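Throughout, protein chains are lettered first and strands after them, A, B, ... in sequence-line order, and every chain is numbered starting at 1. Note that the structure is a prediction, hence the values are computed from the model and not measured.
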2 protein chains.
Amino acid sequence: MGATKTEHFTDYQNHIAILAKALGHPARIAIIEYLMKVDACICGDIVNELTLAQPTVSQHLKELKNAGLIKGNIEGNAICYCIDDKSLSKLQAYLANISDSLEKKKNNCC
Amino acid sequence: MGATKTEHFTDYQNHIAILAKALGHPARIAIIEYLMKVDACICGDIVNELTLAQPTVSQHLKELKNAGLIKGNIEGNAICYCIDDKSLSKLQAYLANISDSLEKKKNNCC
DNA sequence: TAATTAGATTGCAATATTACGATAAAGATT
DNA sequence: AATCTTTATCGTAATATTGCAATCTAATTA
């Protein structure tokens, strides 16, 4: 016990959960927002932006990358990170779909 | 160490992260989907729907409620849970905003 | 009122996450 | 080649999450 029982859920449910989970930390939200703000998708001055140690930021970037929410290009010495809109749109579409359905049903209870 | 350093982030970033985190588990995605599927927002046959023990489901429901994603009404003996569209829309709008901005910038790198 | 039913809470074990110092790897610069 | 810069990885401590058996609470029914 302690580990998530992924085998009891569909691939889709697991995938959506992985995307949401990756966004489930304020540092990672801050990283996404920083990548949005900076016009060129500049690299690891993200470390200077956040009040967290470099290894910690690196770990958060890794998790966002594993979830498919960001991409990283090696640019000589540095690494250029940026948002991968495909994964983000997938989650957005999923939530939009639920919102729309709720709109139609309009408070059928509670 | 080990605990999230919430104090280093804005209230908004923390709030979005809390919403995303609550959706960051396949069981909780399955619960949301079940509440969507059932027309009347029927209660704790959610336990029968998921392959998880009753206390585990109860805990997941609690987390969704704490994040503001669902509401629960006492209905005699049973409890009637349903989705709280406000919080869900908030997260949806947040992601939609990012998606839109990305659309405009159109692959400025990577 | 005793038994039943629906859920929540408690306590605990297993595992995951968060954070960071130290260190490693790899390209850039001198 | 030696050094600097940038980022990743390792190791480890602190904390959080996941899952469940056992138990508790409160409304319901017999």
Excluding sequence neighbours, so at least two apart, what forms side-chain contact (heavy atoms from CB on, under 4.5 Å) with B:Ile18?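 Scan of B:Ile18 (side-chain contact (heavy atoms from CB on, under 4.5 Å), adjacent residues dropped) gives B:Ala67.
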Contacts of type side-chain contact (heavy atoms from CB on, under 4.5 Å), residue B:Lys62, not counting sequence neighbours: B:Asn66
Partners meeting ring-ring contact (aromatic ring centres under 6.0 Å, His included) with A:Tyr34 (sequence neighbours left out): none
For A:Tyr94, check ring-ring contact (aromatic ring centres under 6.0 Å, His included) against everything at least two apart and list the hits.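 With sequence neighbours excluded, A:Tyr94 shows a ring-ring contact (aromatic ring centres under 6.0 Å, His included) to A:Tyr12, given in chain and number order.
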Check the phosphate of D:dG19 against B:His60, side-chain N and O only, distance under 4.0 Å to OP1 or OP2. Yes or no? yes
Between B:Thr56 and D:dT18, does any side-chain N or O lie under 4.0 Å from OP1 or OP2?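 So the side chain of B:Thr56 is outside the cut-off, no N or O lying under 4.0 Å from OP1 or OP2 of D:dT18.
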Indicate for each nucleotide in nucleotides 5-10 of chain C, in 5' to 3' sequence, whether protein heavy atoms under 4.0 Å reach the base (B), only the sugar-phosphate (S), or nothing (-). BSBBB-
Contacts satisfying salt bridge (Lys or Arg N to Asp or Glu O under 4.0 Å) that involve residues 3-22 of chain A (not counting sequence neighbours) are none
Taking salt bridge (Lys or Arg N to Asp or Glu O under 4.0 Å) as the cut-off, I'd like each qualifying pair that reaches into residues 90-99 of chain A, sequence neighbours left out, listed once. none
Length of the line joining [X]:[atom1] and [N]:[atom2], which is rounded to integer Å:
X       : N      : atom1 : atom2 : answer
B:Asn73 : D:dA27 : CG    : P     : 15 Å
B:Glu63 : C:dT17 : CD    : P     : 14 Å
A:Leu52 : D:dA14 : CG    : P     : 19 Å
B:Glu75 : D:dA26 : CD    : C1'   : 16 Å
A:Lys5  : C:dA14 : NZ    : P     : 14 Å

Quick one, B:Ile70 and B:Asp84 - any side-chain contact, counting heavy atoms below 4.5 Å?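 The answer is no; the side chains never approach within 4.5 Å.
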Report which part of the nucleic acid A:Thr4 touches: base, sugar-phosphate, or nothing (heavy-atom distance under 4.0 Å, all strands).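 Sugar-phosphate, no base atom in range.
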Return the minimal non-hydrogen interatomic distance between B:Gly72 and B:Lys65, and the atom names on each side.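 Smallest heavy-atom distance, with atoms named: N-CD, 4.3 Å.
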Reading DNA chain D from 5' onward, which residue's closest nucleotide shows up sooner: B:Ile74 or A:Phe9? A:Phe9
With a 3.5 Å cut-off and sequence neighbours excluded, list the donor-acceptor pairs that the side chains of residues 45-61 of chain B form with protein atoms.
from	atom 1	to	atom 2	distance (Å)
B:Glu49	OE2	B:Lys37	NZ	3.4
B:His60	ND1	B:Arg28	NH1	2.9

Is there a residue in residues 17-29 of chain A whose heavy atoms reach under 4.0 Å of DNA chain D, and which residues are they? none
